[in-house]
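Structure, as structure tokens:
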Amino acid sequence: MRLTILGCCGSIPGPDQAASGYLLEADGFRLGLDLGNGTLARLQTVCDPFELNALVLSHLHPDHCADFSALTVLRRYHPNPPYDPRRHRLPVHAPAEAPTRLANAYAPHEAERQETDLSDVFDFRTLSPEPRRIGPFTVTPVPVLHPTESFGVRITYGDVSFAYTGDTGLCAALDELADGVDVLLCEASWTSGPDRPEGLHLSGTQAGELAARARVGRLLLTHIPPWSDGDAILAEAEAAFDGPTERVTQGAVYEF
């Protein structure tokens with residue numbers, strides 16, 4: 001697998017930094033994981049967005065899906081697309097409310113009502129806990145703990161395994177998600193503290209402890225907001241997990 005970090009800022013984009021978005025590739029197949037603020041611009045530095053073969057949205061908060069509206073414009077109105085996007089709709093694996101909520105984000109006004117059905121260029125497929133085949137990947141969505149319906153995803157390709165937590169608070173499902181994976185891409189939005197709300201995000205310590213319990217091969221930290229101390233979050237994770245650990249950066253590429 002080849003993982004490209006399109007954006008990794010948590011909650012909002014940062015200065016010259018996109019929010020959450022990742023590209024996973026194998027056998028020439030390109031799978032997008034989230035498409036937050038600024039990530040479509042970053043994707044265009046890697047490949048033509050028409051070359052995306054499928055997209056997974058972990059949940060529907062804007063920092064993970066805001067650029068879906070821009071992708072809609074591209075697929076509907078590009079004057080010279082490489083193929084007919086209405087004959088080859090992009091599969092979008094997302095929470096159940098995605099068709100409605102993303103349509104409302106794209107065209108919320110009465111005058112645009114005829115524009116709010118996005119199924120002309122997208123093939124929406126509802127996420128559920130059952131494994132599914134997406135190109136060469138076996139993808140298992142795992143419901144996690146967040147204020148809106150949210151999923152982590154466990155992805156295998158041959159003998160290689162990868163997990164992405166999406167946004168989540170501490171929950172038992174994370175151990176199932178991360179169990180023994182070669183690479184864990186884990187959100188870590190803040191340092192530990194007694195004032196941190198439950199059921200929202202993970203601390204650096206919690207991310208490191210998860211990696212240790214799950215016996216992962218490598219821990220990659222992401223979704224660090226611009227106002228958080230990324231160095232302190234990384235230090236917490238490294239104190240809890242003695243395996244390879246790093247804070248991802250926009251544009252970084254990992255092969256495993």
Side-chain angles (χ1 to χ4, degrees), residues 2-24 30-47 49 52 55-71 94-95 101-102 105 144-148 150-153 162-170 174 183-193 196-197 199-208 210-211 218-238 245-254:
R2 178 185 175 95
L3 173 69
T4 301
I5 309 300
L6 302 177
C8 52
C9 272
S11 301
I12 64 168
D16 295 323
Q17 297 291 318
S20 293
Y22 313 92
L23 180 66
L24 195 63
R30 292 185 169 96
L31 175 64
L33 299 175
D34 286 340
L35 200 64
N37 321 64
T39 54
L40 185 62
R42 297 303 309 164
L43 179 63
Q44 291 174 80
T45 69
V46 178
C47 68
L52 268 185
L55 176 64
V56 172
L57 298 178
S58 65
H59 66 293
L60 300 178
H61 281 157
D63 60 318
H64 292 256
C65 69
D67 274 14
F68 193 85
S69 292
L71 184 64
R101 289 180 57 181
L102 294 172
V144 293
L145 183 61
H146 203 54
T148 188
S150 299
F151 292 85
V153 288
F162 164 81
Y164 168 48
T165 63
D167 281 10
T168 180
L170 193 62
L174 289 174
V183 177
L184 173 62
L185 180 63
C186 185
E187 78 116 279
S189 299
W190 47 46
T191 53
S192 298
R196 305 306 190 200
L200 190 58
H201 293 296
L202 299 176
S203 68
T205 296
Q206 290 170 327
L210 169 63
R218 187 177 189 180
L219 174 61
L220 303 178
L221 301 177
T222 190
H223 198 271
I224 298 175
W227 52 73
S228 288
D229 186 337
D231 291 337
I233 291 170
L234 175 60
E236 282 193 353
E238 290 177 325
T245 304
E246 65 181 281
R247 173 186 174 187
V248 303
T249 58
Q250 182 171 290
V253 176
Y254 302 89

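Bear in mind that the values here come from a model prediction, so they are computed numbers and not experimental data.
Here the side chain of D67 pairs a donor or acceptor atom with the backbone of T39 at under 3.5 angstrom.
Two residues are said to be in side-chain contact when any heavy atoms from C-beta on lie closer than 4.5 Å; L33 and L55 fail this criterion. No side-chain heavy atom of L145 sits under 4.5 Å from any side-chain heavy atom of L170. Using a 4.5 Å heavy-atom cutoff, the side chains of L40 and F68 are not in contact. No side-chain heavy atom of T165 sits under 4.5 Å from any side-chain heavy atom of V144. Contact check for R2 versus R30: no side-chain heavy atoms found under the 4.5 Å cut-off. Under the 4.5 Å side-chain criterion, counting only non-hydrogen atoms from C-beta, C186 is in contact with L210. Here the side chains of E246 and R218 are in contact, with some heavy-atom distance below 4.5 Å. Looking at heavy atoms from C-beta onward, L220 lies in side-chain contact with L3 at the 4.5 angstrom threshold.
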Practice problem: Start with the C-alpha gap between L31 and L23, add the side-chain angles, then the distance that decides, and say whether side chain to side chain contact (heavy atoms under 4.5 Å, CB included) holds. | Solution: CA-CA 6 Å; L31 175 64; L23 180 66; 6.0 Å; no

Quiz item: What's the verdict on side chain to side chain contact (heavy atoms under 4.5 Å, CB included) for D63 and H223, showing C-alpha distance, side-chain angles and the deciding distance?
Solution: CA-CA 10 Å; D63 60 318; H223 198 271; 3.1 Å; yes

Exercise. Mind running side chain to side chain contact (heavy atoms under 4.5 Å, CB included) on T168 and L174 for me, showing each step along the way?
Key: CA-CA 9 Å; T168 180; L174 289 174; 3.7 Å; yes

Exercise. Would you check, one step at a time, whether the test side chain to side chain contact (heavy atoms under 4.5 Å, CB included) holds for T222 with I224?
Key: CA-CA 6 Å; T222 190; I224 298 175; over 6 Å; no

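Nearest heavy-atom pair across P226 and G14 is CG-CA, 3.7 Å. Y22 approaches I5 most closely through the heavy-atom pair CD2-CD1, 3.7 Å. Shortest non-hydrogen contact noted between P49 and L71 is CB-CD1, 4.3 Å. The two residues A18 and R42 come nearest to each other via the heavy atoms CB-CG, 4.1 Å. Smallest separation of non-hydrogen atoms from A207 and A188: CB-CB, 4.3 Å. For the residue pair A237 and L221, the shortest heavy atom distance occurs at CB-CD1, 3.7 Å.
In this structure, OH in Y164 is found 13.5 Å from CZ in F151, a value given to the nearest 0.5 Å. Atom CG of L6 sits about 7.5 Å away from atom OG1 of T45, to the nearest 0.5 Å. Atom OG of S150 is separated from atom CG of L57 by 11.5 Å, given to the nearest 0.5 angstrom. Residue L35 holds its CG atom at 10.5 Å from OG of S20, rounded to the nearest 0.5 Å. Here the CD-OG distance, from E187 to S58, works out to 10.0 Å after rounding to the nearest 0.5 Å. Within the model, atoms CD1 of I233 and OG1 of T205 stand 10.0 Å from one another, a figure rounded to the nearest 0.5 Å.
Between H59 and D34, the side chains place no donor N or O within less than 3.5 Å of an acceptor N or O (distance only, hydrogens not considered). Checking H61 against H146 by side-chain atom types alone, a donor-acceptor pair falls below 3.5 Å.
Each of V183, T245, L185 was compared with L219 under the side-chain contact (heavy atoms from CB on, under 4.5 Å) criterion, and only T245 meets it.
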